[in-house]
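This chain uses plain numbering: 1 for the first residue, then up along the sequence. Side chains are part of it too, since the values below use all heavy atoms of this structure and drop only hydrogens, waters and symmetry mates.
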Amino acid sequence: MGALLVAGCSEKAAPTPAEKEAAASVPGAPPNGAADVAAKEATASKVEEKTDLIEFAYSYPVEAARIPGLAAWLDNDRAVQRAALVAAAERDRAAAAKEGFPYHAHSHLQNWQRVTDTPRFLSLSAEIGTYMGGAHGMQSFDTLVWDRNKATRLKPLDMFTSGAAFDKAANDDLCAGVERAKTARGVEWNRDTDSVFGKCPVASAQTIWLGSSDGKKLDRLTIGIGPYEVGPYVEGSYRIDLPMSAALIHALKPEYRGDFRPATRG
């Protein structure tokens with residue numbers, strides 16, 4: 001029993017995150033060591049605020065929080081989005097008071113989620129709900145890809161030779177996907193040229209999300225289409241999965257082709 005007590009007393013407690021960061025900050029430690037330690041200990045970020053003026057929420061996952069450059073960009077984007085919301089809300093509240101109308105709190109609710117995490121890329125998607133005092137709120141999407149090799153933030157379209165090349169490779173599949181999605185909702189798509197929503201959406205003008213089936217290569221692609229793009233507001237938004245075709249691979253810039261592969265068909 002005595003030996004066990006001695007052994008137990010001799011064990012050192014694991015250093016805390018603060019102690020690890022302090023150790024990495026001493027003279028002679030590797031550059032950025034403290035930042036790297038802090039990043040490894042980071043957790044998912046979520047900020048929420050609700051007042052009579054605004055409702056604001058902005059979150060991103062732990063995978064993004066542990067990349068210092070990306071986390072810094074997301075934190076700045078959060079500050080920019082909040083500042084814009086407050087400015088618009090204060091202006092509209094003042095106008096409502098002047099005109100004798102009731103003011104309804106404006107909102108911006110944004111949630112970033114991991115789509116996939118490969119050795120080179122972290123792909124994120126965002127759903128954004130906003131309300132600016134009108135008849136109803138709006139839903140929109142956002143996207144980003146972090147390239148670890150270059151320590152930089154990309155939009156998926158940046159990886160293709162051009163928007164026109166992407167459209168040529170994707171538009172037929174996107175048009176067919178929209179038609180299937182509408183049919184699944186019991187909506188008949190009026191393709192008359194005079195119809196407001198009769199045209200296929202332009203793929204490069206929509207939100208593009210890149211995914212992976214195995215966490216190694218990018219072989220999945222989803223197009224997010226907001227309200228009013230292919231139907232009235234009541235239809236809501238659409239998320240159309242497209243095959244990662246050979247044509248899409250060919251439309252990539254050469255430097256990215258090795259990180260993609262055509263999707264296998266079941």
Side-chain angles (χ1 to χ4, degrees), residues 43-65 67 69-93 103-117 121-146 152-159 163 166 174 177-178 181 185 197 201-211 220-242:
T43 59
S45 178
K46 185 174 184 179
V47 170
E48 295 179 306
E49 176 182 355
K50 190 171 184 179
T51 67
D52 292 339
L53 179 68
I54 64 168
E55 181 178 4
F56 181 78
Y58 192 108
S59 61
Y60 56 84
V62 63
E63 293 89 347
I67 301 175
L70 177 55
W73 183 89
L74 290 165
D75 288 344
N76 181 71
D77 184 58
R78 177 172 60 204
V80 168
Q81 299 294 345
R82 184 188 179 280
L85 177 66
V86 169
E90 289 178 338
R91 181 186 65 240
D92 289 355
R93 184 169 64 177
Y103 169 77
H104 302 288
H106 291 192
S107 64
H108 180 102
L109 311 175
Q110 183 165 350
N111 178 31
W112 287 99
Q113 294 183 314
R114 179 180 68 86
V115 179
T116 198
D117 194 0
F121 299 114
L122 173 64
S123 174
L124 300 180
S125 68
E127 293 193 11
I128 306 169
T130 57
Y131 176 72
M132 302 302 287
H136 52 69
M138 279 295 293
Q139 182 185 37
S140 60
F141 304 113
D142 204 351
T143 181
L144 68 83
V145 176
W146 182 262
T152 191
R153 178 179 53 87
L154 302 169
K155 292 293 187 179
L157 199 61
D158 295 335
M159 304 161 95
F166 180 78
L174 177 58
V178 170
R185 295 185 185 184
F197 303 114
V202 177
S204 60
Q206 313 307 315
T207 304
I208 305 162
W209 296 308
L210 297 174
R220 293 180 172 177
L221 188 149
T222 299
I223 301 286
I225 304 173
Y228 295 121
E229 287 291 325
V230 293
Y233 178 81
V234 68
E235 276 189 40
S237 59
Y238 286 89
R239 296 167 184 78
I240 309 298
D241 294 325
L242 301 188

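Going from atom OG1 of T143 over to atom CG of L124 covers 8.0 Å, rounded to the nearest 0.5 Å. Taken from CD in Q113 to CD in E127, the straight-line distance is 6.5 Å, to the nearest 0.5 Å. In this structure, T222 OG1 and L242 CG are separated by 7.5 Å, a value rounded to the nearest 0.5 Å. In this structure, the separation between CG on L157 and CD on Q206 is 11.5 Å, given to the nearest 0.5 Å. For the atom pair F121 CZ and L154 CG, the distance stands at 7.0 Å (nearest 0.5 Å). With rounding to the nearest 0.5 Å, the separation of CZ in F56 from CZ in R82 is 7.5 Å.
Between Y58 and Y60, the ring planes are perpendicular. Angles over 60° get that label, and only those under 30° would be called parallel.
A donor-acceptor contact shorter than 3.5 Å is absent between the side chain of Y233 and the backbone of G236. A donor-acceptor pair is defined here as one N or O able to donate and one able to accept, closer than 3.5 Å; no such pair exists between the side chain of S123 and the backbone of V115. Under a 3.5 Å cut-off, the side chain of W209 and the backbone N or O of D142 do form a donor-acceptor pair.
With a 4.5 Å cut-off on side-chain heavy atoms, E235 and F197 do not count as touching. Looking at S45 and R78, their side chains come closer than 4.5 Å, going by heavy atoms from C-beta outward. For the pair Y238 and V178, the minimum side-chain heavy-atom distance is 4.5 Å or more. Proximity of E55 to Y131: side-chain heavy atoms (C-beta onward) are nowhere separated by under 4.5 Å. Contact of the I208 side chain with the I223 side chain is registered, since non-hydrogen atoms from C-beta on lie closer than 4.5 Å. Annotation: side chain of L221 is not in contact with side chain of D241 (no heavy-atom distance under 4.5 Å). Contact check for H108 versus I128: side-chain heavy atoms found under the 4.5 Å cut-off. Between D77 and Q110, some side-chain heavy-atom pair lies under the 4.5 Å cut-off.
Heavy atoms only, all atoms of each residue included: A88 and H106 are closest at O-CE1, 4.0 Å. Shown here for A65 and A71, the closest heavy-atom pair between the two residues is O-CB, 3.9 Å. Considering every non-hydrogen atom in both L174 and A203, the closest pair reads CD2-CA, 3.6 Å. Shortest non-hydrogen contact noted between M132 and D92 is O-OD2, 4.0 Å. The shortest heavy-atom contact between W112 and L74 is NE1-CD2, 3.6 Å.
For D158 and K155, the salt-bridge test fails: no basic side-chain N is under 4.0 Å from an acidic carboxylate O. Using a cut-off of 4.0 Å between Lys/Arg side-chain N and Asp/Glu carboxylate O, K46 and E48 are scored as salt-bridged.
In the model, D52 has no side-chain atom that pairs as donor or acceptor with a side-chain atom of Y103 under 3.5 Å. Between the side chains of R220 and T116, not a single donor N or O lies within less than 3.5 Å of an accepting N or O.
F141 does not carry R239 over the face of its six-membered ring by the limits of under 6.0 Å from the centre and within 45° of the normal.
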Practice task
Could you check V86 against L53 for side-chain contact (heavy atoms from CB on, under 4.5 Å), going step by step and ending with a plain yes or no?
Solution key: CA-CA 8 Å; V86 169; L53 179 68; 4.2 Å; yes

Practice task
Dump the intermediate steps for side-chain contact (heavy atoms from CB on, under 4.5 Å) on M138 and Y228, then the final yes or no.
Solution key: CA-CA 10 Å; M138 279 295 293; Y228 295 121; 4.0 Å; yes

